[in-house]
Amino acid sequence: MALFVGLMMLVPTSKPAFAGTIPSAAHASVTRPGDVILGASFPIHRWSSGAPCSAGLYSWGIELSAIMMFAIEQINDREDLLPNVTIGYDIRDNCYSETLSLWTAFSLASTSERPQEDVQFPNISPPDNGSLLCIIGTQTSATTIPTAQAASLYSIPVISPFATSNELSDKRRFPYFLRTVPPDSLQASAIADILLRFEWKYIGLYFQLNTYGIHGAQSLLDLAEKYGICVAFSVAVRHQAKATELLDAVGSDAWALPSHLKRQGVDVSLLQGSLFVQISYTRIPGFDYDRFIQIVESSTPWLVEWKAEHNCSDLSECPIAINTNDNVVVDAVYAFSYALHNMLHDRCSNGTNCNSIQTLSGQDLLQHLLNVRFEGLAGNYSFDSNGDPSGNYKILNFQIVDSTVRAIEVGRWSASAVDPLELNVSAVRWPETRGKPVSICREDCQSGFIEVPLEKKCCFGCQRCPDEAIVIDQECRRCPVDEWPDKKFEVCQPVIPTPPSWSEPTVIVIIILSAFGLVLSLLAAFGIYYYRRHVLIKAASRELSSINILGLTLAFLAPFPLLAQVTDASCRVSEIIITVCFTLTYAPTLLKVNRIYRIFDTGKKSNKRPRFVGPRPQLIPPTGYIEAYCAFGFGSLVSALFNLLLVLACCYYAFKARRVPSNYNESKFIAISVYSTLVFGMAAVPVYITATTVLQKVATLCVAILLNAVLTLLCVYLPKLYAIRFQVDVQLCEWRSSAVAPADTGSATSAARSGIQPTSILPTVHLGT
């Protein structure tokens with residue numbers, strides 16, 4: 001969810017310029033003569049829907065006027081500050097209007113005896129004696145801008161206690177402007193620090209469409225970009241917009257006045273848990289309600305109007321509400337006084353009885369204002385080159401205390417401190433129903449995932465990195481070939497080969513099959529050796545059979561290095577055994593089935609003995625290309641292709657020899673063996689390639705090798721040994737020199753009695769006959 005940040009002023013924006021004459025209420029002023037005159041522009045009257053100055057008196061404007069008079073009286077009574085110099089004042093009403101603020105500024109500045117040559121403006125009831133050297137005001141940035149621009153034409157400094165817009169810090173446009181309130185840029189810095197403290201980096205921004213809101217929002221947007229805070233949206237709200245009573249009050253300074261929110265009909269309980277930044281105002285010592293009433297009754301011309309407006313004869317019946325905490329007005333008056341004091345001290349030898357006071361100008365005063373240093377009510381005061389002071393803010397939190405919503409101070413922010421933000425997080429009270437706000441629009445990515453932007457602004461999802469990659473700076477980086485990510489996918493670690501566990505049921509079955517196959521293989525080898533002179537063994541080629549049995553034995557041994565600890569040696573042994581066992585199994589088989597086919601095929605065409613059917617030539621089969629690597633690579637592929645050609649050739653000759661005499665069935669057993677090899681291969685290869693675990697791959701390879709070897713033993717050798725051991729009826733076919741077959745081919749003895757010398761004896765085995 002997004003965190004909403006408000007930047008709005010409590011006061012309404014000024015209305016557009018009006019047509020007609022200056023309202024009569026704006027002609028009224030409060031003046032007092034003096035050696036020098038300090039002007040002021042405050043909102044004494046309100047706006048109405050019709051015209052400025054027509055909506056009655058504004059108690060806050062009356063209070064500001066009284067505070068200024070109170071501060072000037074204090075200074076005039078002091079002997080250490082401006083001795084023998086009396087400050088007068090000229091306080092005008094701007095009615096909260098930008099246009100009237102401009103008019104008021106011209107009317108005040110024109111009382112100066114040194115206007116620029118091309119600027120003239122009629123004086124309106126100026127005070128006697130002294131010249132106006134400075135103007136205090138106004139109450140908003142929107143009304144201060146025209147005031148500062150008009151006064152600069154007369155080289156009159158303007159000190160504002162309330163205008164915070166960053167726009168006013170531009171000395172090219174406002175060379176004579178200063179303020180005792182910190183600019184919006186500092187307030188935005190305070191807000192940004194709070195966002196960072198609570199790790200709120202996904203926010204929405206509402207701001208009021210005026211100078212304060214626009215420039216304050218821009219300052220916050222700049223800081224948000226700097227600190228990586230995402231502003232999901234930034235919406236300007238007009239004061240006239242409907243259904244925005246709450247938004248009118250949302251912001252920094254406005255929230256500091258719960259009473260004002262209540263007067264606007266805002267349910268302040270909805271703001272429970274909210275944080276806001278308020279300029280660090282201080283109560284004015286000695287300025288209580290009684291002193292305020294004394295000043296109002298003796299000095300202001302608006303008392304009669306107030307009583308008439310509220311239909312009362314005494315202020316006790318219609319009291320004027322005051323806050324007594326606008327110390328920035330007092331600080332503005334003191335800034336002017338200290339600067340004037342320093343200027344007179346520099347010009348006069350003893351700082352008193354200086355006749356040059358009548359020759360002073362606002363331009364002379366400006367440099368002393370920029371260099372002034374004094375102890376204000378809220379701390380040390382000074383101005384930078386832009387006329388801005390340092391910023392001190394209170395961090396307030398709306399809390400319900402005794403069933404009443406109150407603004408409780410939970411921290412402070414000071415621009416001059418090394419660590420600007422002091423925040424007591426434990427003192428913050430969040431809404432009971434919602435708790436601490438969550439300012440995030442991103443998934444909480446687990447290890448091995450990276451954040452990826454989603455379609456919605458500033459929102460992020462999670463994307464899985466490849467299994468062999470780690471996450472560094474939100475990027476997937478593959479590990480080297482011989483390394484693998486750790487469990488957190490943060491570091492690549494050397495791969496430690498881990499073989500399948502021998503306690504796995506699948507591994508146990510493979511080991512049992514291998515052991516059983518080895519027993520059968522050894523039994524077949526022993527039988528061939530033991531009955532090596534038997535006619536069946538001799539006829540089946542003892543040499544080829546021995547090589548074949550060796551290949552089968554290697555096939556039964558192949559699972560053991562595959563299941564052993566993975567090392568370079570074990571991988572090489574596995575690769576060699578697998579490739580060699582297939583070659584030793586199917587190369588002799590090919591020669592045998594080829595020999596059978598050629599014998600019978602030649603017997604149909606010629607009396608001549610076929611070439612290369614004797615024992616010796618058959619001991620030199622072609623050698624496959626074998627290259628052992630830990631990873632079954634190119635060498636294994638070449639060997640596999642060679643062995644595949646052997647199997648296909650076996651299948652071919654087994655098929656061609658399918659029509660040998662029906663009583664000769666060894667070729668049929670060979671055919672079953674090689675056909676099964678193709679079937680097992682077609683089934684095992686896809687499973688091996690798509691297997692997701694090491695055990696699946698190893699088990700698939702082992703089972704395919706074992707089944708082929710067992711099937712070869714069962715189809716080719718065990719029937720012969722069975723026939724020899726249990727004296728099963730054996731019939732012999734003879735290869736004769738004559739093309740005419742003998743009348744009796746039933747036995748070797750009959751062939752001998754006929755006097756015919758066989759060149760080759762081919763056995764057939766009939767089981768169960």
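Bear in mind the structure is a predicted one, so any value in this text is a computation, not a measurement. In this chain, numbering begins with 1 at the start of the sequence shown.
- By the 4.5 Å heavy-atom criterion applied to side chains, Leu209 and Ile214 are counted as neighbours.
- Contacts of Glu443 classified as side-chain contact (heavy atoms from CB on, under 4.5 Å), with partners at least two apart in sequence or in another chain: Cys462.
- Applying the side-chain contact (heavy atoms from CB on, under 4.5 Å) rule to Glu225 yields no partners; only residues at least two apart in sequence or on another chain are considered.
- In this structure, Val471 and Glu490 have side chains that are not in contact, with every pair of non-hydrogen atoms separated by 4.5 Å or more.
- Evaluation of the side-chain contact (heavy atoms from CB on, under 4.5 Å) rule for Pro466 yields Glu468, Ala469, Cys476, Arg478 as partners, not counting sequence neighbours.
- Every residue two or more places apart in sequence or in another chain that forms a side-chain hydrogen bond (donor to acceptor under 3.5 Å, both in side chains) with Thr144 is listed here: Thr138.
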For residues 419-426, which side-chain donor-acceptor pairs fall under 3.5 Å, sequence neighbours excluded?
from	atom 1	to	atom 2	distance (Å)
Asn424	OD1	Ser426	N	3.4
Asn424	OD1	Ser426	OG	2.6

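- The ring-ring contact (aromatic ring centres under 6.0 Å, His included) analysis of residues 412-465, with sequence neighbours excluded, yields the pairs Phe198-Trp430, Trp200-Trp430, Tyr393-Trp413.
- Pairs of residues two or more places apart, or lying in two chains, never qualify as disulfide (SG to SG under 2.5 Å) while including a residue from residues 402-433.
- Remark: Ile472 pairs with Ile470, Arg477 by the side-chain contact (heavy atoms from CB on, under 4.5 Å) rule, at least two apart or across chains.
- Residues that satisfy the side-chain hydrogen bond (donor to acceptor under 3.5 Å, both in side chains) test with Gln474, not counting sequence neighbours, are absent from this structure.
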Can you list the steps and then say if Asp326 with Trp60 is a side-chain hydrogen bond (donor to acceptor under 3.5 Å, both in side chains)? CA-CA 10 Å; Asp326 288 315; Trp60 185 50; 3.0 Å; yes

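- Evaluation of the side-chain hydrogen bond (donor to acceptor under 3.5 Å, both in side chains) rule for Asn94 yields Ser41, Gln139 as partners, not counting sequence neighbours.
- Checked against the 6.0 Å centroid criterion, the rings of Tyr58 and Phe42 do not qualify as a close aromatic pair.
- Residue pairs satisfying the salt bridge (charged side-chain N to carboxylate O under 4.0 Å, His left out) criterion with at least one member in residues 192-206, sequence neighbours excluded, are absent.
- Here side-chain hydrogen bond (donor to acceptor under 3.5 Å, both in side chains) pairs that include residues 444-459, with residues two or more places apart or in two chains, are Arg442-Glu451.
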